[in-house]
Visitor: 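Supplied in structure tokens, the structure appears directly below.
Hydrogens, waters and symmetry mates are skipped; everything else that's a heavy atom, side chains included, is used. Labels below follow one simple rule: chain letters A, B, ... track the order of the sequence lines, proteins then strands, and each chain is numbered from 1.
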2 protein chains.
Amino acid sequence: MIADWTERFQGTAALPRPVRDRLLKVARTIEMPKGEQVFGPTNIPDSLFFLYDGRIRVSQSSDTGRDIVLYRVDAGESCVLTTACMLAEEAYNAEGIAETDITAIVLPKLAFDRLVAEEEAFRKFVFAAYSRRLIDLLRVVDDVAFGHMDVRLAERLLALSGDFKEIAATHQQLASELGTAREVISRILQDFQKREMIAQSRGRITLLDKPALKELAASA
Amino acid sequence: MIADWTERFQGTAALPRPVRDRLLKVARTIEMPKGEQVFGPTNIPDSLFFLYDGRIRVSQSSDTGRDIVLYRVDAGESCVLTTACMLAEEAYNAEGIAETDITAIVLPKLAFDRLVAEEEAFRKFVFAAYSRRLIDLLRVVDDVAFGHMDVRLAERLLALSGDFKEIAATHQQLASELGTAREVISRILQDFQKREMIAQSRGRITLLDKPALKELAASA
DNA sequence: GCATGTTAAGTGACAATGTCACTGAAGCAG
DNA sequence: CTGCTTCAGTGACATTGTCACTTAACATGC
């Protein structure tokens with residue numbers, strides 16, 4: 001059923017069949033329900049994660065109760081932050097939450113070391129994963145340090161809506177995406193509503209004018 | 001003269017002698033004067049950098065003219081951002097500036113690949129470098145998203161002063177460290193001055209009361 | 001139905017930070 | 001000494017963050 005899982009790992013660098021076969025021999029899979037903490041400051045895994053199915057939200061929390069989403073790990077991607085923390089042995093306060101039910105491949109550290117040593121394709125995959133996250137974080141820094149909240153919110157609304165017009169999210173959840181306070185989101189959404197770009201009801205937002213939102217988001 | 005350069009690369013994972021010897025065979029060194037751009041959006045190197053001597057400041061710029069320092073590369077460290085960008089082929093707008101005259105080891109990509117494949121110690125070194133930068137960036141995100149400017153400034157003043165009491169820096173330079181505007185720095189420094197924690201003159205700041213600054217910085 | 005509790009959202013006041021358009025001050029070069 | 005140039009100070013205002021609330025929407029049990 002999961003015999004072809006490595007075929008999913010092609011996002012940044014595809015893994016050829018022989019490498020996949022080797023992976024299958026040493027890996028085992030785990031499943032976690034939606035909402036579960038995959039890793040966190042008090043829950044540092046000693047193995048490496050490769051996400052087969054589902055999505056993980058990686059976020060950072062402040063001690064004043066605010067959150068910010070750093071990036072999301074999608075099916076076919078690796079979660080290098082755990083790797084990083086294993087290696088660096090430094091404190092960090094990011095956590096990964098299963099945003100859906102997830103299935104992950106767990107690779108013990110020793111097996112990981114061997115694969116990295118012996119399989120060029122695997123090595124490339126891992127380096128690409130690291131690189132991608134570094135660049136994701138650069139983007140977050142840029143947004144937080146220099147971006148305007150209305151623009152960032154418009155971007156996020158569009159991203160969350162996908163091809164649909166409706167989003168099921170509370171103001172608090174949106175605030176936690178962007179690392180700001182609920183009141184700030186409320187204010188901006190009211191402004192969007194006044195300008196007839198969205199409609200709101202409890203826990204739900206309808207994007208009435210995506211082009212206008214896109215124009216706003218483009219003025220980053 | 002530089003035959004022992006690899007001995008410097010021990011910050012996160014030491015390189016044993018045989019690995020160092022191999023490195024020396026394939027690497028060449030370059031020097032750059034203080035102020036030079038080591039890499040940037042329009043200046044993506046096709047080799048890997050290991051800093052032998054000096055210091056590089058890696059910062060990100062906004063299109064509105066503000067800057068923020070992401071981290072510094074010290075002697076003995078690798079600059080993985082260039083690696084990341086080579087691999088990810090994504091746009092980014094970070095740049096590295098030589099903060100002092102620098103001497104760097106340049107490793108062609110092919111030689112890098114071979115070393116990573118064949119030398120476990122080198123691999124560990126590279127992974128540790130990646131991990132360290134990821135964690136550095138987590139810290140930056142945390143600071144920018146949740147930190148207070150007076151606390152961040154106090155931290156930076158202490159870090160920049162080292163064991164001395166004097167700092168040679170303009171308000172603009174400090175603003176560019178922290179990703180804020182000069183006026184904000186001026187305001188906060190005036191406050192510090194009023195509280196007799198510092199004294200100021202054109203382009204120079206004297207830390208009069210380091211304990212008080214440390215206490216402020218600790219309330220992060 | 002209705003009462004009640006819980007969570008989501010709105011509000012106003014204020015503090016902190018960012019932006020703008022300036023003014024004044026310090027050092028430098030002639 | 002006289003102008004440049006860079007650095008720092010200032011006040012007004014916009015945006016964002018924080019606090020202490022109020023009001024509204026839904027859920028549950030009766």
Visitor: For nucleotides 9-18 of chain C, just jot down a letter per nucleotide in 5' to 3' order: B, S or -, based on protein non-hydrogen atoms under 4.0 Å.
Guide: BBB-----BB

Visitor: Expressed as a whole number of angstroms, how long is the span from B:Leu174:CG to D:dA8:C1'?
Guide: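 So the two atoms are 12 Å apart, to the nearest Å.
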
Visitor: Here's a test for you: under side-chain contact (heavy atoms from CB on, under 4.5 Å), which of A:Leu138, A:Val80, A:Leu81 qualifies with A:Arg133?
Guide: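 So the option named by the test is A:Val80.
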
Visitor: How does DNA chain D read in dot-bracket, base by base from 5' to 3', with Watson-Crick or G-U pairs under 3.5 Å and | used when the partner is on another strand?
Guide: ||||||||||||||||||||||||||||||

Visitor: Nearest heavy-atom pair of A:Lys210 and A:Gly162: which atoms, and what distance?
Guide: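 For A:Lys210 and A:Gly162, the tightest heavy-atom pair comes out as NZ-O, 3.0 Å.
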
Visitor: Using side chain to side chain contact (heavy atoms under 4.5 Å, CB included) as the criterion, list what pairs up with B:Pro33, not counting sequence neighbours.
Guide: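 So B:Pro33 forms a side chain to side chain contact (heavy atoms under 4.5 Å, CB included) with B:Glu36, B:Asp101.
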
Visitor: Walk me through it: do A:Arg195 and A:Glu215 pass the test salt bridge (Lys or Arg N to Asp or Glu O under 4.0 Å)?
Guide: CA-CA 13 Å; A:Arg195 294 154 70 181; A:Glu215 198 188 345; over 6 Å; no

Visitor: Closer than 4.0 angstrom, basic N to acidic O: yes or no for A:Arg72 and A:Glu177?
Guide: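 A salt bridge links A:Arg72 with A:Glu177.
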
Visitor: What's the CD1-C1' distance between A:Ile167 and C:dA8, to the nearest Å?
Guide: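 Checked: the CD1 to C1' distance equals 17 Å.
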
Visitor: Taking the ring centre of each residue, are A:Phe127 and B:Phe127 less than 6.0 Å apart?
Guide: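 Yes.
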
Visitor: Hey, is B:Arg187 close enough to B:Asp191 for a salt bridge, meaning N to O under 4.0 Å?
Guide: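 Looking at B:Arg187 and B:Asp191, the cut-off is not met.
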
Visitor: In whole angstrom, give the distance that lies between atom CG of A:Asp191 and atom P of D:dT16.
Guide: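 Whole-Å distance recorded here is 10 Å.
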
Visitor: Minimum heavy-atom separation for A:Thr206 to A:Glu166, with atom names?
Guide: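 Minimum heavy-atom contact is OG1-OE2, 2.9 Å.
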
